[in-house]
Amino acid sequence: MTARAGGRDESTVDAAYARLGAAIARADENRALVTEAYKITSPQTALTLRCECMHRLCTEVVVLTLEEYEDITADPAQAVVAPSHADVDEREVVKRTSRFSVVEEGSFEGG
């Protein structure tokens with residue numbers, strides 16, 4: 001393993017980037033679904049979206065309204081995750097409901 005500046009080895013940093021990349025891809029997919037949903041539904045319509053956690057292979061889903069999702073993602077540092085993923089995600093939990101949790105990306109430390 002190769003050490004990087006800051007004392008982290010390359011494999012740890014690469015794994016952190018892979019997890020972050022997967023979470024961003026799921027968030028982008030969710031935003032596209034929300035955009036399409038607004039064309040045919042109301043803000044109170046419930047949607048099933050992908051969990052935006054840092055687990056690279058996550059397949060969990062969350063159920064929330066278009067309005068809730070828009071409120072959460074109005075702050076680009078926030079992401080929506082499955083309730084069971086809130087405590088194992090590397091970001092700070094800022095809101096919990098029975099259907100989803102909201103995490104703040106500002107506290108991500110990369111591995």
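Taking every heavy atom of both residues into account, Thr97 and Pro83 meet most closely at O-CG, 4.3 Å. For the residue pair Val63 and Thr48, the shortest heavy atom distance occurs at CG2-OG1, 3.9 Å.
Applying side chain to side chain contact (heavy atoms under 4.5 Å, CB included) to Leu64 and the options Leu49, Val102, Leu47 leaves one that passes, Leu49. The only option from Met54, His55, Glu52 that meets the side chain to side chain contact (heavy atoms under 4.5 Å, CB included) definition with His85 turns out to be His55.
Remark: Arg99 engages Glu68 in a side chain to side chain donor-acceptor pair (under 3.5 Å) (not counting sequence neighbours).
Under a hydrophobic-cluster definition in which Ile, Leu, Val, Met, Phe, Trp and Tyr are linked whenever side-chain heavy atoms come within less than 4.5 Å, directly or via other members, Tyr69 and Val93 are assigned to different clusters.
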(request) Assess whether side-chain contact (heavy atoms from CB on, under 4.5 Å) is satisfied between Ile72 and Lys95, documenting all intermediate values. (result) CA-CA 10 Å; Ile72 293 164; Lys95 179 179 181 178; 5.7 Å; no
